[in-house]
Q: 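Submitted below is the structure of interest, expressed as structure tokens.
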Amino acid sequence: MPIARLSSRALISVTGEEARPFLHNLLTQDVERLGEGELRFGALLSPPGRLLFDLFILGEAEGVLLDVAAERRDALIQRLSMYRLRAKVQVAADDRPVFGAWADTPPGFIPDPRTPLMGGRRYGEAAADATEADYSAHRLSVGVPDPTADAPQDKTYPIEADFDLLNGIDFQKGCFVGQETTSRMKRRGVIKNRMMPLDFDGPPPPFGAEVLKGELRAGEVLSGRDGSAMALVRIDRLDGDLTVEGRPVRLRRPAWMGQDVIPSSNA
């Protein structure tokens, strides 16, 4: 079972007697009922409902541990401090490393809440025998987006990044920042775009390159590597041959996505 240190991720400790209700009112996940040792996937959105920070949320005895993009940790600490006001909460960086394992969930790792296909995560030292690039290649093979790389800050709705399909939104918990827009999109079914993987021959197209169905725009390429990339695609324009910069590309439906999200004639 490969294990890699995920240097692109970093941790934030949120402690204090009001830590759980404080986060519960902000994040897309139910934090108040988060058990000790339980890991959930979620996000902090902007008030209009767009993605600001993707994160994993771990219940701990004295509070909550947030697993976030390392490059965005300071910004999230600053934003949480802005929301804190007089709440009895302490927010601080935590220096424990983050590891990911796949093909299985070894002892000491917590199952990834997005899909069992992603393996597990560990917070604390572990013996690595693979690289973060290997982990990213596995993630792409499973078809799971990396919101930090694939969703420019405050531009993408979480449902477009498949948070609703990857257990990243609790629609029963009530209010959170950006909840009104998110719930309305899901309730009314007005979801026009989804992130899905594309396969192709050769190196990845540049970020933002148009995906075309004939002469019609069908989406845009996001992050990728040789042979595959994520793309934000229009789900009503996927039933024909697709190209990017003149190259044929093949849309791939991930196993975790289900059959009713996109009509079978479209993928």
Q: Measuring only between side-chain heavy atoms, which start at C-beta, is Phe41 closer than 4.5 Å to Asn167?
A: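 Side chain of Phe41 against side chain of Asn167, heavy atoms only: no contact under 4.5 Å found.
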Q: Among Arg122, Glu125, Arg9, which residue meets the side-chain contact (heavy atoms from CB on, under 4.5 Å) test with Pro97?
A: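 Of all the options given, the one that passes is Glu125.
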Q: Could you tell me if the side chain of Phe22 sits less than 4.5 Å from the side chain of Val31, heavy atoms only?
A: no
Q: Check each of Pro147, Pro145, Pro254 against Met195 using the side-chain contact (heavy atoms from CB on, under 4.5 Å) test, and report the only one that passes.
A: Pro145
Q: With side chains defined as the heavy atoms from C-beta onward, is the minimum distance between Arg253 and Met196 less than 4.5 Å?
A: yes
Q: Kindly indicate whether the side chain of Asp54, heavy atoms from C-beta on, has any atom under 4.5 Å from the side chain of Val68.
A: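 No - every pair of side-chain heavy atoms lies 4.5 Å or more apart.
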Q: Between Glu18 and Arg20, does any side-chain N to carboxylate O distance fall below 4.0 Å?
A: no
Q: Would a single hydrophobic cluster contain both Leu39 and Val64, if residues Ile, Leu, Val, Met, Phe, Trp and Tyr are joined by side-chain heavy-atom contacts under 4.5 Å?
A: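 No, Val64 and Leu39 fall in different hydrophobic clusters.
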Q: Consider only side-chain heavy atoms of I, L, V, M, F, W and Y, link residues closer than 4.5 Å, and tell whether Met1 and Met118 are in one cluster.
A: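 Different clusters.
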Q: Are the side chains of Pro158 and Thr28 in touch, meaning some heavy atoms are under 4.5 Å apart?
A: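 Pro158 vs Thr28: side chains apart.
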Q: Taking atom CD of Glu180 as the centre, report whether more than 12 heavy atoms of other residues, nucleotides or ligands fall under 6.0 Å from it.
A: no
Q: Out of curiosity, does Phe200 fall in the hydrophobic cluster containing Phe207 (side-chain heavy atoms, cut-off under 4.5 Å, transitive links)?
A: no
Q: Does Tyr157 have its ring centroid less than 6.0 Å away from the ring centroid of Phe163?
A: no
Q: Run the side-chain hydrogen bond (donor to acceptor under 3.5 Å, both in side chains) check on Gln153 and Arg50 step by step: do they pass?
A: CA-CA 8 Å; Gln153 185 183 8; Arg50 293 185 176 90; over 6 Å; no
Q: Would a hydrophobic clustering, with Ile, Leu, Val, Met, Phe, Trp and Tyr connected at side-chain separations under 4.5 Å, put Leu76 with Val14?
A: yes
Q: Charged N to carboxylate O under 4.0 angstrom, Arg237 versus Glu215?
A: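 Between Glu215 and Arg237 there is no salt bridge, as every charged N stays at least 4.0 Å from the carboxylate O atoms.
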Q: So does Glu32 have more than 12 non-hydrogen atoms from other groups sitting under 6.0 Å from CD?
A: yes
Q: With side chains defined as the heavy atoms from C-beta onward, is the minimum distance between Leu65 and Arg96 less than 4.5 Å?
A: yes
Q: With a 4.0 Å cut-off on N to O distance, would you call Arg194 and Asp162 a salt bridge?
A: yes
Q: Let's go through Asp164 and Lys186 carefully: what are the C-alpha distance in whole Å and the side-chain angles of both, what is the deciding distance for salt bridge (Lys or Arg N to Asp or Glu O under 4.0 Å) to 0.1 Å, and is it a yes or a no?
A: CA-CA 8 Å; Asp164 58 323; Lys186 188 68 170 179; 2.6 Å; yes
Q: So that I can tick it off, tell me whether Arg40 and Asp67 are bridged by a salt bridge, with the cut-off set at under 4.0 angstrom between side-chain N and carboxylate O.
A: no
Q: Any chance you could lay out the side-chain contact (heavy atoms from CB on, under 4.5 Å) test for Phe53 and Arg79, step after step, and finish with the verdict?
A: CA-CA 10 Å; Phe53 302 91; Arg79 184 166 289 261; 3.8 Å; yes
Q: Report the C-alpha distance between Thr156 and Glu160 in whole Å, list the side-chain angles of each, state the deciding distance to 0.1 Å, and finish with yes or no for side-chain hydrogen bond (donor to acceptor under 3.5 Å, both in side chains).
A: CA-CA 7 Å; Thr156 306; Glu160 293 179 325; 4.8 Å; no
Q: Decide whether Leu6 and Ile110 are clustered together by the hydrophobic rule: side chain heavy atoms of Ile, Leu, Val, Met, Phe, Trp, Tyr closer than 4.5 Å, transitively.
A: yes
Q: Does some side-chain heavy atom of Val98 sit less than 4.5 Å from a side-chain heavy atom of Leu11?
A: yes
Q: I want to check something: taking the side chain as every heavy atom from C-beta on, are Phe176 and His24 in contact at a cut-off of under 4.5 Å?
A: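 No, too far: nothing below the 4.5 Å cut-off.
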Q: Out of Arg250, Arg252, Arg247, which one pairs with Asp199 under the salt bridge (charged side-chain N to carboxylate O under 4.0 Å, His left out) rule?
A: Arg252
